[in-house]
Every structure is written in C-alpha cells, then in structure tokens.
Amino acid sequence: MSALLLEDKNAVIYGGGGAIGGAVARVFAREGARVFIAGRTRAKLDAVARDIAAAGGKVETAEVDVLDQLAVEKHADAIAATAGRIDIALNAVSVMHDQGTWLADLSLAEFMRPIDGFLRTLFITSKAVARHMGGERPGVILTLSEPGAKLAVGGILGHSVSAAGKEAFTRVLAAELAPRNIRVIGIRPHAAVDAPAAGSYTKDLFRQIAATAGQSVEELLDGGGLAQGTLLKRLPTLAEIAETAAFLASDRAGAMTATIVNLSGGALVD
C-alpha cells in the first residue's frame, strides 16, 4: 500500500479557494493527488495554489461559477481530457444564508436561499463529474453538510432543511452510482473553530447568533456557546476536516459509501 493516501489520483474541488476547500486541497496535494481547484474568486484560488506549489504539489486553478451548469460541465470535461479521468470530487461551495431568524420574521426568499443554492450546486457538480468516474478505477464524491441536518434548534429553518437535503442527496446518489464503482460519502463537520481566520464566510454567518449571545464570532466558536454544545467542548479544526476527507477519498475507506461521517465533536450522537 502506498505511503501516500491519494497517489496518482485526480481530484477536483469546487470552492477550492475557501476555508474548507483550500484546507482539503492542500492535504489532497500533500497526499499525492493532482488537484484541480475551481471557484469564482481568482485571488483566493491563487493563494491556495501558491501554498500547494511551494510544497511541491500538483495544482491547477480555474474560475468557474458553480451555478452555471454548462460552465461546470465544460470544466469537468477539460479535466478529464487533460488528466484522463476524475477520481475524487468535493463540493465545498459556500452559500451565504440566514441563521438566527425565526419563522415569524423569516421571508420565503431567505428560507429558500440555502436550499436552492447548496442543492443546486451539489446537483450540478455531481452530475458533471460522475460521467468521468468509476469503472475499473474507483471514484469518490464527497459532500459537506452540517449538524443542522438533525438539530432541533430554532432560527435555522432554511439551513437545517438544506443540510438534511444534502445528506439525503448523498445517500440516494450513492445507491445510484455504486454499480459504477463510485462511492458517495458525506462529511458533517460542526463549524470549524479556525475558519473565520482563514477567510470563511462563517465570520459573517454567525454574527447575529454571536451578538445574541453577547459574544464575538471568535468567542462563540472558541470555547463559547457552539463549543459548549458539544461533548468534547470544542469545535473541529480545518485540519481535522481535511485529514478526514483525505482518508475517505482514499482506497483505505473503500468499504464506505452512502454514509455521513460525523465531525460534530459530539454535538450529535449517532
């Protein structure tokens, strides 16, 4: 067995310039994958690419709007034409949405924004990469959800429904793609404690919740209310999420599919 988890694998990461996407891209490259990172912000993609290249990894970037189905399909086709096939795909795209507003004050548009945004991008990216995966060489599609998929907490209606939808999508897609030797696995991390410092949109996302608790976002995540709601009394780090993703994408996790990996620190007990 190779010492590198992902040696000679081709991996595409949508939202690869973001906090989670960038962390995963760096670890995938360290583990031997040829990484293709896509997103809308060139500066963020270039920053991740510089880190990977400086460490001797293989990386290519592309500006792609993941809400544009034709653009995503064209990009996936280009990767397959260049690299021969796609082995691993992760959708780490962020969709800004509301958290903290209860039903009485929540508009239909605010409710639907995460549902439509997250699930639309997940459908578009999964469909684009799946046709270039599987067969004799196993493929892996990784999805990201959140503890809100199962938590019964007021003020996160749209967020929770979108998270539950992503997990349902993961299970059903796994059933469809298993005959083609493609695994589909969901990762359910709690909010990463170091994500705001890495430029994550969670710094704005949690502002209302933190203000209600009389805390800064950093205080909320590092030992504050969200952390205290876990058994470990701490939230996961970007490194922990990325290392888990690398294992799940590797052949060492070859018996895993149609499941959700719980990185909530014990906020949820499965």
Side-chain angles (χ1 to χ4, degrees), residues 1-39 44-64 66 72-94 121-122 124-144 170 173-174 177 180-187 189 238-254 256-257 261:
M1 185 177 290
S2 171
L4 296 176
L5 286 174
L6 305 176
E7 189 169 18
D8 297 325
K9 302 280 191 182
N10 301 314
V12 56
I13 300 174
Y14 300 98
I20 291 179
V24 172
R26 293 177 181 97
V27 172
F28 277 13
R30 186 201 71 200
E31 291 298 329
R34 181 179 179 182
V35 179
F36 298 83
I37 56 175
K44 290 184 176 182
L45 295 171
D46 287 345
V48 175
R50 281 194 298 270
D51 290 345
I52 292 174
K58 292 176 273 189
V59 60
E60 296 180 34
T61 65
E63 287 186 65
V64 179
V66 293
V72 173
E73 290 176 351
K74 183 177 179 180
H75 174 248
D77 292 347
I79 292 174
T82 299
R85 63 187 302 106
I86 296 173
D87 300 301
I88 304 161
L90 167 68
N91 184 326
V93 172
S94 300
T121 67
L122 190 54
I124 289 172
T125 57
S126 298
K127 187 168 185 176
V129 300
R131 57 187 176 174
H132 299 296
M133 285 182 162
E136 294 183 2
R137 184 160 166 161
V140 181
I141 295 176
L142 300 175
T143 68
L144 286 170
T170 299
L173 188 63
L177 298 183
R180 292 171 48 193
N181 197 20
I182 301 172
R183 298 187 292 117
V184 186
I185 304 176
I187 306 173
L238 291 170
E240 289 171 330
I241 297 168
E243 297 289 351
T244 300
F247 168 74
L248 296 174
S250 76
D251 294 339
R252 298 185 193 182
M256 295 181 69
T257 195
V261 177

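Because only heavy atoms are used, hydrogens play no part in the values below, and waters and symmetry mates are left out as well, while side chains stay in.
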| request: Can you measure from CD1 (Ile20) to CG (Leu238) and round to the nearest 0.5 angstrom? | output: 6.5 Å
| Where the side chain of Arg34 meets the backbone of Lys58, is there a donor-acceptor pair that is under 3.5 Å apart? | no
| field | Derivation of the side chain to side chain contact (heavy atoms under 4.5 Å, CB included) call for Asn91 and Val66 | value | CA-CA 9 Å; Asn91 184 326; Val66 293; 5.7 Å; no
| request: Apply side chain to side chain contact (heavy atoms under 4.5 Å, CB included) to Val48 and Lys44, showing your working. | output: CA-CA 7 Å; Val48 175; Lys44 290 184 176 182; 6.0 Å; no
| note | Between the CG atom in Asp51 and the CZ atom in Arg26, the distance rounded to the nearest 0.5 Å is 4.5 Å
| remark: Which of Leu177, Val140, Leu173, Asp87 passes side chain to side chain contact (heavy atoms under 4.5 Å, CB included) with Ile182? It is Leu177
| For Val12, the option from Ile37, Thr125, Ile86 that meets side chain to side chain contact (heavy atoms under 4.5 Å, CB included) | Ile86
| remark: Distance col, row Glu31:CD vs Lys9:NZ, nearest 0.5 angstrom, shows 12.5 Å
| request: Any chance you could measure Thr121, atom OG1, to Tyr14, atom OH, to the nearest 0.5 Å? | output: 10.5 Å
| query | Taking all non-hydrogen atoms of both residues, which atom of Ala23 and which atom of Ala242 are closest, and how far apart? | reply | O-CB, 3.5 Å
| Distance, nearest 0.5 Å, that separates CD1 of Ile52 from CD of Glu60 | 11.0 Å
| query | Taking Thr257 for the side chain and Val184 for the main chain, is one N or O donor matched with an acceptor at less than 3.5 Å? | reply | yes
| For the atom pair NZ (Lys127) and CD (Glu73), what is the distance rounded to the nearest 0.5 Å? | 7.0 Å
| said: What verdict does the side chain to side chain contact (heavy atoms under 4.5 Å, CB included) test give for Glu243 and Arg30, after you've listed the backbone C-alpha separation in whole Å, the side-chain angles of each residue and the deciding distance to 0.1 Å? | reply: CA-CA 11 Å; Glu243 297 289 351; Arg30 186 201 71 200; 2.8 Å; yes
| message | Quick one: does any side-chain atom of Arg180 pair with a main-chain N or O of Ala130 as donor and acceptor, under 3.5 Å? | response | yes
| When you look at Asn10 and His132, which way does the side chain to side chain contact (heavy atoms under 4.5 Å, CB included) test go after all the steps? | CA-CA 11 Å; Asn10 301 314; His132 299 296; over 6 Å; no
| query | Quick one: does Arg85's side chain have a donor or acceptor within less than 3.5 Å of a partner on Gly134's backbone? | reply | yes
